[in-house]
Each structure stands twice: as C-alpha cells, then as structure tokens.
Participant: 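The structure under discussion is supplied below as structure tokens; questions concerning it will follow.
Only a predicted model underlies this, so the values are computations on that prediction, with no experimental measurement involved.
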Amino acid sequence: MGLSTSGRIMETFVSWPAMVAGIAHAGGIPIILDADVDFIADVRRKQLDGLILSGGTDVAPAFGGESFTEAQDVDTVRDEFESALIALCIDEEIPILGICRGAQLLNVHFGGRLYSDIGHELGSNITHNPGEELLTRTTHSVQVQEGSVVASLLGMSGQLAVNSQHHQGVKVLGHGLTPTAWASDGLVEGFEHDHHRIIGVQWHPEVMTESDPPSASLIAGFVELSRERAHVAR
C-alpha cells in the first residue's frame with residue numbers, strides 16, 4: 001500500500017504514525033512514497049496494490065486552475081509527484097483513496113475546482129479547520145450516500161461524525177466524479193469515480209482507526225479493496 005507524502009512535513013504531521021499503524025493493523029504493508037526523493041519510474045517497480053494520497057499542505061494555485069488568494073503553505077514538487085502518481089494508478093487500475101488534501105488533488109486532476117478558503121467563499125457555519133490538535137476527535141457530521149463505495153467501506157450510511165482540518169474544499173466536482181458525502185453546509189466531503197476505483201474523503205479516518213470503528217472500517221475496507229484488485233491482476 002503506497003502512502004504519498006513529502007518528507008518535509010512528516011515530523012510535524014500528527015496523522016502519520018496513526019496512518020501507518022492503521023494500514024498495518026488492517027493487514028496492509030505501508031510503503032512510503034516521498035515526493036522529495038522518489039521518482040515515478042521507481043514507483044512502478046514497487047508494484048503497488050493501492051495508493052493513499054495523504055493530507056498536508058494546500059494544493060498550489062497552478063494545479064487548481066484558479067487564483068487561490070487564501071492559499072497558505074504549498075508544495076508544487078509534491079503536487080507534480082502526486083499528479084503523476086494518480087495518472088500511473090489510473091493507467092494500471094490501482095485503487096486510490098484521497099484523504100483531505102489528497103481528495104482535493106484528485107478533484108483537480110479530473111478538472112474540478114476548489115474553494116480557496118471555505119470560510120470566506122462558502123460562509124460556512126461549520127468549523128472545518130478547528131486545529132490539528134483536535135484531529136483525534138470528531139468535530140462535525142456528514143451525510144453518507146447509501147449504496148456508495150465509501151458507505152460499503154464504512155459499513156454504514158446516513159449521518160457520520162468525522163474529524164477534519166482543512167480550509168480549502170471541493171467547489172465543483174471533476175469529470176466522472178460523483179458526490180457520496182456532504183456536510184450540513186452543502187460542502188462535498190466525499191466522492192467516488194464512476195469508472196475507476198477512486199475514492200476521496202475530506203476528513204481524516206487514518207488518525208482515528210484505534211478509537212472510531214467507522215474510521216477503522218474505512219481504512220481496512222480500502223486495504224481489502226486493494227487486495228482484491230491485486231488478486232485479479234495477478
């Protein structure tokens with residue numbers, strides 16, 4: 001299971017130890033893909049069964065196709081690396097789970113648009129970015145679409161309490177993407193692709209695999225989905 005990141009944020013990004021542990025607990029073998037040192041040619045040789053695009057810095061304006069006046073910390077090297085990873089996985093039919101920033105980058109990859117800053121542009125009454133120190137607890141709810149892939153991975157649909165830490169978000173969904181979860185302010189918090197095994201969630205299930213059964217089920221379900229794909233491919 002490939003985990004994309006940038007080595008520059010690993011020491012400060014609280015979710016990393018929990019995400020690696022959650023994947024291992026679900027039976028996956030985490031393989032760190034560092035945008036600062038890895039190359040796509042090397043990734044091809046790793047024969048990934050699945051890819052998780054992790055959270056992190058804002059998607060750069062150039063990748064969103066807009067002028068993100070509220071964009072904060074950006075990493076264009078990582079944007080380029082993960083965009084190439086997405087193309088590779090689509091080409092080789094490798095399942096992708098985009099988490100937070102990863103979901104936003106997936107949306108941009110398929111031609112979607114992002115809010116530069118939810119608070120300013122959407123005027124939401126939900127605090128979508130309460131602070132990274134609160135990622136280990138749920139802060140608001142989303143409505144999960146019955147019959148969706150994310151519902152099957154979670155083992156539930158309807159109201160789901162989630163944790164989140166983001167100020168960008170999906171403004172217009174990309175081509176081939178279907179919304180599968182929404183916050184009460186109307187913000188799309190989850191989506192899936194119509195033809196590829198691609199799922200995006202705006203919250204952080206990887207941080208709460210030990211304390212929240214739906215979060216654990218989502219990560220474990222994606223590991224199993226990737227395992228099924230690998231079995232068919234081989």
Participant: Identify, with sequence neighbours excluded, every residue that meets side chain to side chain donor-acceptor pair (under 3.5 Å) alongside S83.
Facilitator: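 For S83 there are no side chain to side chain donor-acceptor pair (under 3.5 Å) partners, ignoring immediate neighbours.
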Participant: Measure the CG-OG1 distance between N163 and T139 for me, rounded to the nearest 0.5 Å.
Facilitator: 6.5 Å
Participant: Report the distance from atom CD1 of I96 to atom CD of E82, rounding to the nearest 0.5 Å.
Facilitator: 10.5 Å
Participant: Rounded to the nearest 0.5 Å, what separates atom CH2 in W203 from atom OG in S141?
Facilitator: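 Separation between the atoms: 11.0 Å.
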Participant: Looking at E192 and R197, is there a salt bridge between them, counting it only when a charged N and a carboxylate O are closer than 4.0 Å?
Facilitator: no
Participant: Looking at S124 and I126, would you say the former's side chain and the latter's main chain have a donor-acceptor pair under 3.5 Å?
Facilitator: yes
Participant: Run the side-chain donor-acceptor check on residues 150-162: report pairs under 3.5 Å with partners two or more places apart or on a different chain.
Facilitator:
unit_1: S152; atom_1: OG; unit_2: V149; atom_2: O; d: 2.6
unit_1: Q159; atom_1: NE2; unit_2: Q143; atom_2: OE1; d: 2.5

Participant: Can we say R101 and D75 salt-bridge, meaning some charged N sits less than 4.0 Å from an Asp/Glu carboxylate O?
Facilitator: no
Participant: Do you reckon I40 sits in the same ILVMFWY cluster as L51, going by side-chain contacts under 4.5 Å, direct or chained?
Facilitator: yes
Participant: Please check: side-chain N/O of E121 versus main-chain N/O of D117, any donor-acceptor pairing under 3.5 Å?
Facilitator: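 Confirmed, E121 side chain pairs with D117 backbone.
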Participant: To the nearest 0.5 Å, tell me how far L122 CG sits from S116 OG.
Facilitator: 12.5 Å
Participant: Out of the candidates H204, H167, H166, only one should pair with H128 under the ring pair (Phe, Tyr, Trp, His ring centres under 6.0 Å) rule; please name it.
Facilitator: H166
Participant: Throw together a table of side-chain donor-acceptor distances under 3.5 angstrom for residues 104-111, partners on residues two or more places apart or in other chains.
Facilitator:
unit_1: Q104; atom_1: NE2; unit_2: Q168; atom_2: O; d: 3.1
unit_1: Q104; atom_1: NE2; unit_2: Q202; atom_2: OE1; d: 3.4
unit_1: N107; atom_1: OD1; unit_2: G174; atom_2: N; d: 2.8
unit_1: N107; atom_1: ND2; unit_2: R113; atom_2: O; d: 3.2
unit_1: N107; atom_1: ND2; unit_2: V172; atom_2: O; d: 3.2

